[in-house]
Every structure is written in C-alpha cells, then in structure tokens.
Amino acid sequence: MPESPYLVIQSERVRENFHTLDAALAAHVDTTTTIRFAVKASPVPELLSLLDEEGAEFDVASIGEIDLCLRLGIAPHRLCYGNPVKKTAHIARAYAVGVRRFAFDTEDDLLRIAEHAPGSEVECRFLASAPQSCTPFGTKFGCTPGEAVRLLIRARNLGLVVAGPYFHVGSQQLDPDAWRIGIQQAGQITEALARKDISACTINIGGGLPIPYADPAPELGEIAAVIGHAAAEFLPPDTGLIVEPGRALVGSAGTIHAEVVGVRTAPDGRRWVYLDIGRYNGMAETEYIAYRFVTDRDGDPADEAVVAGPTCDGDDVLYQRTRVLLPTTLRAGDRIRIFDTGAYTASYSSVSFNGFPPLTVYVSDAERE
Ligand SMILES: Cc1ncc(COP(=O)(O)O)c(C=O)c1O
C-alpha cells in the first residue's frame, strides 16, 4: 500500500462517463456534437490516451498541456488552445507544432493569433448572462456578445476561419437554464454574423456539466434536453455543437486516499481533524465543493469538526464555513477516503508547498472499493 495521500482514478469509469455523455447528447440534440475534454481537470496520460481512443478532442490551456498531448501521439488538429490568456510566443509555438484552433476574447489576442497562427480557426468567448455556478469565473473571461460579433467579423477580414461563438457557464453549474441562455445569445451572434455572410460552423457551449457530490446535481440527460431544445430553437440547422467537459468526465472516477494526522480540541472547544491532504496538495476546491468523506469508523457517533490540511499555513483549512460531520472516535493514523475527487485535485497540487509533495495519481481499471 503506498503512503497516503494519493488519488486513484478508475479509468473504466472515465470511459463510461464519456459514453453516458455522448449518449445523452445523441438522444437529445439533433445536430453533430463533439466532446472536447478540458485537459486541466485531470492531465493524466492514461486518461488522455483513453479519451483519444474514444474520439474526444482536447481543450488545452498552455504549451505544457499541448506538449503532453502531442507526446501521447494525439494529433494536433484535435487540440484547441482554449485559454484566452496566452503569450505571443506560445501562440507561435502552438502553431508551429500544428495546432490550428484557438479561442480568444480580446482584439489584442485576435491580432496576435492572426499574425502568428495565420489561417487558423477561431472561437470567440463571450460572457453569457447565465446564473452563477458553484465555481464561477466572474468576469475573468469573455467579451460582450456585441463585441464577439465585431471581433469575429474582424477575424474573417484577417484571413482567419470563423469557427463561432463560445461561452462557458462556470464549472459545476447546477442550473440547466444556464445553457439555454448561453445558446440563445450564441444564436443572436450567429444571426448577426450571417448578415455579414459569415456562417459559424460550430458553437462551443463550454464545460460546467455538474456531478453530484455531497449535494445532488441535475442529471446529464436533463441538461442535454435543455441544450437540444435551445439548439433547435435558436441556432441555424447544421450548426455543430462542441461540449467541453472536464469535471463530468473524470470527477466521479477519482477517490483520494488520505490519513488522519491528528485530532485536537482548540481553546475555543472546537474539534480540529488534521489530514495529510489539504488545500495545497489537492483539495483546492473545498470552498465550493462539498465532498463526501468516508472513514472506517462511519457508524460511530459523529460530531462537527474543522477539517484542516497538514501545512503550517493558517489558510490550509478545507471548510471554513461548511459544517463537516465526522465520527467522534476518529484518531491519528485512521484512513479517510474522499469520493468523487477525480477533477481539479491532483492538477491543482503541482507545487511542493511546505515540502509536501504534489498528489500522486494511480490509474486503476478496478472498481472503487
Ligand atoms: C476553457 C475551459 N473549458 C472547459 C473547462 C471545463 O469545465 P468543467 O470542468 O466545469 O466541465 C474549463 C474549466 O475551467 C475551462 O476553463
């Protein structure tokens, strides 16, 4: 048994998640849909190769992710450099290795793509008026829909190929209506483009597909139905859809195995449970996501605890606001498992802060114990 903490990802669960999403989209959406995996959610070579085999495309955020995909033999035309924040040198480098699809949200980025990746396909990210998700982007990315129209016309005039508008409703989006709103706005953009003789070939409807954690989430089928209806109502027939999931493909496939390092009652009487995993070695999303903790003492009386990570940092507390109930019998050395941690855990833990190493990942073809 390796020393904890470590993350085990069940590869077959990732394949199953891919098929479930593909089938939900096929059942509800009348147009071609492409699944493009957001590599940042879990840049694990075995999973990327598996998804490549299944026919996925890949959303890459950096030269590091591009190089990783290429090293695995993934064809560069299956990659989209989807991060609107990128250096000129990285655009040129991506183009040099064969990447031909880029996302942007500013004129400056567009001009640099036109110069350093001539003739490429471009998607313009706009900020959809969708409700907030659990882990919202705020206004970090995306121009206004009106600016998207102007920039995509400019893209055509710069000799680029207009792929179409692109939006992301925010990760772990629990309101299916968010996609309806985004698709309606994308439809308005495509209509305005059509008036300038530009036909958008694809609409990128982003990621955000949620999974159930401690709290429930809408079913993929329900969201796919909303997407299908909105596409039929607001988009010209034959407009392809691109879906860019990260969490929905890998989240449920991962389990973190951790250990209780100590238990203490603080001067204010609160019980603290210290784990060997915290915000800096994998649990970066705990302010937004209520994970399920499983211990070998489940069934014993339980009480509220403050769950903290192992570093000397005062911020290394998993839940500052949310109540976590754990068995009162929990002791140092006890094993603790954290379910549905396949997305945005190991990929966030890439710095050896305080000397604690990044989270180790094992890929397994066995079922979760
Ligand atoms: C550009 C882009 N696409 C797709 C995703 C995947 O989102 P999710 O994991 O919510 O499906 C992200 C996540 O941050 C993203 O930044």
Side-chain angles (χ1 to χ4, degrees), residues 9 14 17-18 20-22 24-25 33-44 47-48 51 56-62 64-66 69 78-86 90 94 99 101-106 109 122-128 130-143 148 163-176 178-179 182 186 202-213 217-218 220 223-224 227 241-254 284-285 288-289 340-348 350:
I9 299 191
V14 175
N17 289 341
F18 181 89
T20 304
L21 175 59
D22 201 32
L25 292 168
T33 55
T34 302
I35 299 179
R36 184 186 283 166
F37 176 59
V39 173
K40 61 185 77 78
S42 181
V44 174
L47 302 185
L48 299 178
L51 290 168
E57 290 188 357
F58 297 88
D59 163 58
V60 287
S62 65
E65 288 188 352
I66 291 172
C69 290
R78 309 267 296 281
L79 309 183
C80 173
Y81 197 159
N83 188 350
V85 182
K86 47 196 169 313
H90 293 182
V99 176
R101 197 179 260 240
F102 295 80
F104 72 95
D105 64 0
T106 61
D109 197 22
V122 285
E123 301 178 359
C124 183
R125 183 161 174 173
F126 70 95
L127 184 61
Q132 275 224 342
S133 70
C134 296
T135 73
F137 287 111
T139 56
K140 182 168 181 186
F141 303 110
C143 57
Y166 164 27
F167 66 88
H168 191 305
V169 293
S171 202
Q172 187 69 3
Q173 173 58 259
L174 299 176
D175 185 349
W179 282 273
T202 54
I203 310 287
N204 181 343
I205 62 170
L209 296 168
I211 64 167
Y213 288 100
L220 283 184
I223 297 175
I227 292 171
L241 291 186
I242 297 166
V243 193
E244 239 176 33
R247 193 182 301 279
L249 294 188
V250 293
S252 63
E285 282 200 319
Y288 312 107
I289 303 289
D340 304 317
T341 42
Y344 305 114
T345 51
S347 55
Y348 270 140
S350 35

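When a ligand or atom number is given, it counts from 1 through the structure's own listing order. Throughout, residue positions are numbered sequentially from 1 according to the sequence presented.
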Review point. Are Phe58 and Glu65 close enough, and set up right, to give a side-chain contact (heavy atoms from CB on, under 4.5 Å), and what steps lead you there?
Key: CA-CA 10 Å; Phe58 297 88; Glu65 288 188 352; over 6 Å; no
Review point. With under 30° as parallel and over 60° as perpendicular, where do the rings of Tyr348 and Tyr344 fit, or are they tilted in between?
Key: tilted
Review point. What residues form a ring-ring contact (aromatic ring centres under 6.0 Å, His included) with Tyr213, not counting sequence neighbours?
Key: Tyr291
Review point. Considering residues at least two apart in sequence or located in another chain, which fulfil the ring-ring contact (aromatic ring centres under 6.0 Å, His included) criterion with Phe126?
Key: Phe167
Review point. In chain order, what residues pass the side-chain hydrogen bond (donor to acceptor under 3.5 Å, both in side chains) check against Asp105, with sequence neighbours excluded?
Key: none
Check your understanding: Applying a heavy-atom distance cut-off of 4.0 Å, which protein residues contact ligand 1?
Key -> Ala38, Lys40, Asp59, Arg125, Phe137, Tyr166, His168, Ser171, Gly207, Gly208, Glu244, Pro245, Gly246, Arg247, Tyr344
Review point. Which atom pair, heavy atoms only, marks the closest approach of Ala56 to Phe18?
Key: CB-CE1, 3.8 Å
